[in-house]
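Keep in mind that what you see is a predicted model, and the values were worked out from it rather than measured. Chain letters run A, B, ... following the sequence lines, proteins first, then strands; residues in each count from 1.
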Protein chains: 2
Amino acid sequence: MPATIRDVAKAAGVTIGTVSRALNNYSDVNCHTRERILRVAQELGYRPNQMARSLSSKHSKNIALVLSGFLEDTMLNDFETMLMKGIYQFAFEHGIDIAMYVINSRTQKEKSYEQLCYEHNIAGAILFGLKTNDPYCEALAASHRPCVTIDTEVRGPCISNVTLDDVTAFDELTQYLIDRGHRKIVLVHGRKNAMVSMERLVGAYQAFTRNGLTLTHDSIIYTNFLREEAVAGVGAYFRTHTPDSATAFLCMSDMLAIGTIEALKSLGYRVPDDYSVVGYDGLEVANYTDPKITTVDQNIKEKGYEAAHLLYDMLNGIRPAQKLVLPHTLVERESVKNLNELSN
Amino acid sequence: MPATIRDVAKAAGVTIGTVSRALNNYSDVNCHTRERILRVAQELGYRPNQMARSLSSKHSKNIALVLSGFLEDTMLNDFETMLMKGIYQFAFEHGIDIAMYVINSRTQKEKSYEQLCYEHNIAGAILFGLKTNDPYCEALAASHRPCVTIDTEVRGPCISNVTLDDVTAFDELTQYLIDRGHRKIVLVHGRKNAMVSMERLVGAYQAFTRNGLTLTHDSIIYTNFLREEAVAGVGAYFRTHTPDSATAFLCMSDMLAIGTIEALKSLGYRVPDDYSVVGYDGLEVANYTDPKITTVDQNIKEKGYEAAHLLYDMLNGIRPAQKLVLPHTLVERESVKNLNELSN
DNA sequence: CTGAAAGCGCTAACAC
DNA sequence: GTGTTAGCGCTTTCAG
């Protein structure tokens, strides 16, 4: 059994109160005594029982990562993975443990946010995958517990949001295609009501308009962000459109780009020779396709790192709740043909 | 603030001891009283404070998933993701929370296994990513805490292992190539000292020998399971070998297969027309490549589910520690050419 | 500066 | 059956 505070106290010849004070960096401890206590604690391999600690003090410093919709989403949870990488990188560098919990819209109804935090002794949480109408959004706003949401805008006194400028990023991506001579662009659209879809649509619209192009309903393929739907949608598109009605496919996600490329290939077209395709997200997998996909990297790993950092600072009172807009990066790879260049 | 046991006791007109007994399904409670207590608890939204509970009772039922090497591995942690899917699927179906913790070889030295469990009130753990010489392997063996390791063989009275028959699976995969007329097979090998590499090597060796083929050092490309190394290795191979010295590449992982295909393509070869390639693992990403990769699916998601199930049963005393060998599946896709068929 | 003591929310003996 | 009570390991007053 692990050593308790009592063991340390006995070994150091003081009372548990003093040990507690020494270990919690209280100022009113004789530095000689403190040193002895620290040494003894070290020797005994003593580590405070966090449960007892927070049961007694009524608060903890535990940070949790709360993932919603993990089980429902696509098979390849590249997004969550990258996010976790960033978060645990921070945890690793700062020597803290971060527990991860998986929830979904159903479990949110069964167990309230406060309940979850209470049961697991969570001082502050990083939340990802929350839909705008999820129960936890309201709960977050009402809570006094510091938290950071990623890619979901929730307002509240203790809530930080880490996002990126989706509108601008998608605008840039669209402009990238236009700059390379593409004027007949098909938009492969994500889930209709999703916030991200709408923002990206605005970005595309901005770029189209600025360049004197019009975005017609006819040249939009709707999906729910699923690869198979992109495959089907592109197939359907060419059944009602001539081959020269498009030169490029502007996809709202990398998975949609993968599906689009798959469909184009199966129709006997080459990418990017016959059609150009761009994705959005910056998933690792977009690097393993043929051709490698030109995309906007959301820097999701960095988002994770910064979210953890921010929450850590909030819990330690060195940064207030805030909205953090992280930069994105246009990653130029192999899936776009420059139509302005002379074709030899 | 959440209701405490005292609030429930007062509202139900009994003492906290009775409430505790009622809630913990003790038999010696008047069924009428119990009903009232349960109703009151429900009304008050009372949920027991797990920390206080286990601080007092000295044990919990909490299950944790402990991932090692998550930060060090390849970018695409498809394996961990699938595993998590399986585990959280089980948690979801059974209404339990499973916390995940990320560790690595370094943190294993800093915080002992017992310490980790102690601090986070973990009754039993599922461990993944443990290397055979990691500190936690010994700790596990010495511990009295039930646990399940995935893909790492650790022996001990309370330890279960969930694995697959790597040797047989790789043997089958090799035989698959041989059955399709391949006799000049290059083995793209994983990390030299890794247990999985060794087992797969044995599988390949078995199949080779059985079919009168010899596995020569000359036709093995060594890697550390990294895609880039496969790319480089295949490139190097063709600098010292003639194009007709091989017809197929037998890769120890899907990522290596992806790298191999990438290298072959960049050399101007077609897959599978010029060379066949098989992978191993059954990652989702092997479905998004061109061609889609024929591979052995380790059914990692199912492994996760079964591991959680087993640990759950162990903690509830309905199954003893055991070794579980899960089935694998050869998934035939597009990356292998049948040399026995007449080429038209 | 340090000791003594109350109490966090709960379980588990032990009475009655 | 139910009340009472002693802790679990720790923090936090309050004395001195």
Side-chain angles (χ1 to χ4, degrees), chain A residues 1-38 40-41 44-62 114-123 315, chain B residues 1-41 44-62 114-123:
Chain A
M1 293 305 93
T4 74
I5 198 172
R6 242 178 286 279
D7 300 325
V8 178
K10 201 179 299 175
V14 290
T15 58
I16 60 168
T18 308
V19 175
S20 177
R21 281 184 292 256
L23 261 37
N24 289 297
N25 292 316
Y26 277 53
S27 52
D28 57 350
V29 178
N30 181 303
C31 69
H32 196 253
T33 315
R34 159 175 288 124
E35 218 167 279
R36 180 156 39 91
I37 290 173
L38 256 42
V40 169
L44 265 56
Y46 169 76
R47 309 218 66 192
N49 183 322
Q50 297 299 334
M51 296 179 309
R53 176 183 288 219
S54 47
L55 181 61
S56 173
S57 68
K58 311 278 280 174
H59 60 70
S60 79
K61 294 236 156 185
N62 292 344
E114 287 300 326
Q115 222 10 282
L116 183 78
C117 291
Y118 178 63
E119 281 186 17
H120 297 292
N121 194 22
I122 299 169
L315 286 170
Chain B
M1 292 304 91
T4 74
I5 197 171
R6 242 178 285 277
D7 299 324
V8 178
K10 201 178 299 174
V14 291
T15 58
I16 59 167
T18 309
V19 175
S20 178
R21 279 184 293 255
L23 262 37
N24 289 298
N25 291 317
Y26 276 54
S27 52
D28 56 350
V29 177
N30 181 304
C31 69
H32 196 253
T33 315
R34 159 177 288 127
E35 219 167 278
R36 181 157 37 92
I37 291 173
L38 256 44
R39 189 170 41 72
V40 168
L44 267 55
Y46 169 74
R47 308 218 69 191
N49 182 320
Q50 297 299 333
M51 294 179 310
R53 177 184 286 216
S54 46
L55 181 61
S56 171
S57 69
K58 313 278 280 173
H59 61 69
S60 78
K61 292 234 157 185
N62 293 343
E114 287 299 329
Q115 215 23 273
L116 183 79
C117 292
Y118 177 64
E119 281 185 17
H120 298 292
N121 195 22
I122 299 168

- Task: Using the closest heavy atom to pick a nucleotide of DNA chain C for each, name whichever of A3(B) or V14(A) lands nearer the 5' end.
- Result: V14(A)
- Check: L55(B) and N49(A) side chains under 4.5 Å, non-hydrogen atoms: yes
- Classify the nucleic acid contact of S54(B) as base, sugar-phosphate or nothing, counting any heavy atom under 4.0 Å across all strands shown. nothing
- Task: Using atom CG of L55(B) as one end and atom P of dC10(C) as the other, report the distance to the nearest whole Å.
- Result: 12 Å
- Query: How close or far is atom P of dT2(D) from atom CG of N30(B), stated in whole angstroms?
  - Reply: 5 Å
- Whole angstrom is fine here: how far is it from CZ in R53(B) over to P in dT11(C)? 5 Å
- Query: Which nucleotide in the set dC10(D), dA4(C), dC8(C) lies at the smallest distance from any side-chain heavy atom of I16(A)?
  - Reply: dC10(D)
- K10(A): partners by side-chain hydrogen bond (donor to acceptor under 3.5 Å, both in side chains), with sequence neighbours left out: none
- Y26(A) has an atom OH; how far is it from atom P of dT2(C), in whole Å? 15 Å
- DNA chain C in dot-bracket form (Watson-Crick or G-U pairs under 3.5 Å, [ ] crossing, | inter-strand) is ||||||||||||||||
- When the distance from NZ of K61(B) to C1' of dC10(C) is rounded to whole Å, what number comes out? 17 Å
- Message: Tell me if a side-chain donor or acceptor on R34(B) pairs with a main-chain N or O of Y26(B) at a distance below 3.5 Å.
- Response: yes
- Message: Looking at S60(B) and N121(B), would you say the former's side chain and the latter's main chain have a donor-acceptor pair under 3.5 Å?
- Response: yes
- Which listed nucleotide (dC10(D), dA12(C), dC10(C)) is nearest to the side chain of H59(B)? dA12(C)
- Message: Any donor-acceptor pair, under 3.5 Å, between the side chain of R34(B) and the base of dG1(D), if you only look at N and O atoms?
- Response: no
- Task: Mind checking S20(A) for me? I need base, sugar-phosphate or nothing, with any heavy atom below 4.0 Å counting as a touch.
- Result: base
- Spacing between N49(B) atom CG and dG9(D) atom P, to the nearest angstrom: 16 Å
- 5'-most by nearest nucleotide on DNA chain D - D28(B) or R21(A): D28(B)
- Query: Less than 4.5 Å apart, any side-chain heavy atom of R53(A) and any of Q50(A)?
  - Reply: yes
- Within 6.0 angstrom of Q115(B) CD, more than 12 heavy atoms from elsewhere: yes
- Message: Is the phosphate of dG1(D) approached by T33(B) (side-chain N or O, under 4.0 Å from OP1 or OP2)?
- Response: no
- Query: Rounded to whole angstroms, how far apart are CD on E119(B) and C1' on dC10(D)?
  - Reply: 14 Å
- side-chain hydrogen bond (donor to acceptor under 3.5 Å, both in side chains) against E119(A), all qualifying residues, sequence neighbours excluded: K111(A), R47(B)
- Contact class for S57(B) (heavy atom, under 4.0 Å): base, sugar-phosphate, or nothing? sugar-phosphate
- Does Y46(B) place a side-chain N or O at less than 4.0 Å from the phosphate oxygens OP1/OP2 of dC10(C)? yes
- Just call it for T15(B): base, sugar-phosphate, or nothing, with non-hydrogen atoms closer than 4.0 Å on any strand. base
- Item | Phosphate OP1/OP2 of dG3(D) contacted by T18(B) side-chain N/O (<4.0 Å) | yes
- Has the side chain of S56(B) got a donor or acceptor atom sitting under 3.5 Å from an opposite partner on the base of dG7(D)? yes
- Note on the structure: Rounded to whole Å, NZ of K58(B) lies from P of dA6(D) at a distance of 19 Å
- Checking V8(B), T33(B), D7(B), N24(B) against V19(B) for side-chain contact (heavy atoms from CB on, under 4.5 Å), the one that qualifies is V8(B)
